[in-house]
Each structure stands twice: as C-alpha cells, then as structure tokens.
Asks: 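Supplied in structure tokens, the structure appears directly below.
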Amino acid sequence: MLEVVTYGNEILEQKAEPVTEFDEQLAETIAQMFEAMKRDHGIGLAAPQVALKKRLFITDVEGDKRRVFINPEIIMTSPELSEYEEGCLSFPGLYFVVKRPASVTIQAYNEKGKPFTLDADGLLARVIQHEYDHLEGKLFIDRIPPMRRERALLHYRRLVKM
Ligand code: NI
C-alpha cells in the first residue's frame, strides 16, 4: 500500500526522474496511487507524494475522467492567469489562493506508453500545474510571495504541531 508523505520529507523537494519501463509494475503503481488519492479525498496526486521519484501524476477531477500523465511536458501556458484556493495532500489542512495560468497544453504518455496531447482549462488545468510542480520538486507554497509563504508555513506547523 502506498502512503502519502507530507511536508518535511525531502523527496517532495527533489526533481523526479523519467519513467523508462511501461510494464506491469508501473500499472500496479498507478493503481495504488489511485487508491491512495481516493483514501485521502484528493483530485490529483504525483508520484513523489508517495515517495516515488518518478515523473508521473494522476488526476480525478469532477466532471472529467481519471487521467494518468507520465513523463509530462507542459508545452504551452495561457498569458491569462486565474486565482484559485489550492490544497495539497502533502500539506493536510493547508489551503490558500495561488495564481497560475488559466489554461495549459500538456504532452505526456499514458500507462501503456502511448503519447497524447491535452488542452486543459478550469480546475483540470489547475491540478495539472500543481501536480507537474511536484515532479520538479516544487510545492504550492513556492508559488506565493515570500511573506505569505512564511505565514502559511507557520500556520501549517501549528496545524500539524511540527
Ligand atoms: Ni500537492
């Protein structure tokens, strides 16, 4: 069973490595990631969040199908930005508004190794960017101004009694 790791675990701040084998083990990892995400009521989960240093994330956004993104590249972002209150399974209980491009185009491989391109907007575009950041070792607290970041971390440390 894969468990979600939380802030403080150094893997969350490391760059993940490309997936090279599209095999049974990968399929099993993906199935277990969907289970872990469901258990924690998430709408997106990246492999580093279950302590796997792999360029892979999944999404399950309401009104959309479940999606798997392997070795993804965000190839275009809209100049238009949007603001939305984000949470992260690796920061339980912490929510704050993050500004990001409103839409993105992403290229990735599915679990069978088939490449695809997807244009996303709304909540899906938001989740894709948040999860993609995890593969780069970047966290949502890194996407807000330093003062707000300090306050958010202080609040989080109080929440989890770190
Ligand atoms: Ni997250």
Side-chain angles (χ1 to χ4, degrees), residues 1-19 26 29-74 77 81-109 111 118 120-146 148-162:
M1 196 166 93
L2 293 175
E3 300 272 3
V4 174
V5 299
T6 52
Y7 180 63
N9 188 315
E10 63 185 23
I11 201 167
L12 290 174
E13 295 180 77
Q14 294 168 354
K15 204 172 156 150
E17 286 154 13
V19 171
L26 179 69
T29 297
I30 292 167
Q32 287 193 30
M33 282 176 66
F34 273 107
E35 269 176 41
M37 183 171 72
K38 199 174 170 194
R39 210 160 49 229
D40 286 1
H41 311 286
I43 56 175
L45 183 69
Q49 293 185 276
V50 287
L52 298 172
K53 219 169 158 178
K54 299 251 179 237
R55 300 189 74 78
L56 150 67
F57 67 80
I58 58 173
T59 64
D60 190 4
V61 172
E62 203 183 329
D64 188 39
K65 62 176 184 179
R66 288 166 146 212
R67 294 182 187 272
V68 178
F69 300 81
I70 299 168
N71 300 341
E73 295 294 338
I74 292 177
T77 55
L81 302 176
S82 76
E83 289 191 333
Y84 191 82
E85 190 177 63
E86 294 187 18
C88 177
L89 294 183
S90 295
F91 288 84
L94 186 66
Y95 301 89
F96 52 81
V97 172
V98 183
K99 204 184 270 186
R100 296 184 191 267
S103 58
V104 296
T105 302
I106 186 168
Q107 281 182 347
Y109 295 84
E111 61 272 41
L118 177 73
D121 59 13
L123 187 54
L124 183 60
R126 169 71 46 174
V127 177
I128 284 172
Q129 292 174 83
H130 178 116
E131 301 312 329
Y132 181 83
D133 274 356
H134 275 300
L135 306 186
E136 294 295 301
K138 204 175 247 261
L139 299 168
F140 74 151
I141 50 165
D142 301 325
R143 291 286 184 194
I144 56 176
R148 280 183 58 210
R149 183 178 188 274
E150 285 314 305
R151 240 183 299 140
L153 279 176
L154 205 68
H155 176 65
Y156 179 69
R157 290 200 178 98
R158 255 187 249 124
L159 264 178
V160 299
K161 301 183 172 69
M162 251 174 116

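One-based numbering, in listed order, for ligands and for the atoms of each.
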Asks: The criterion is side chain to side chain donor-acceptor pair (under 3.5 Å); which residues satisfy it with Asp121, sequence neighbours excluded?
Replies: none
Asks: Could you give the distance from CG (Leu118) to CZ (Arg67), rounded to the nearest 0.5 Å?
Replies: 4.5 Å
Asks: Would you please test Glu86 and Arg100 for salt bridge (Lys or Arg N to Asp or Glu O under 4.0 Å) and show each step?
Replies: CA-CA 11 Å; Glu86 294 187 18; Arg100 296 184 191 267; 2.7 Å; yes
Asks: When you check the space around the Ni ion (ligand 1), which protein N, O or S atoms turn up under 2.8 Å?
Replies: Cys88 SG, His130 NE2, His134 NE2
Asks: Just how far is it from atom CG of Asn9 to atom CD of Gln14, taken to the nearest 0.5 Å?
Replies: 8.5 Å
Asks: Could you walk me through whether Tyr84 and Val127 pass the side chain to side chain contact (heavy atoms under 4.5 Å, CB included) check?
Replies: CA-CA 11 Å; Tyr84 191 82; Val127 177; over 6 Å; no
Asks: Answer yes or no: is there an ion pair linking Glu136 with Arg55, defined by an N-O contact shorter than 4.0 Å?
Replies: yes
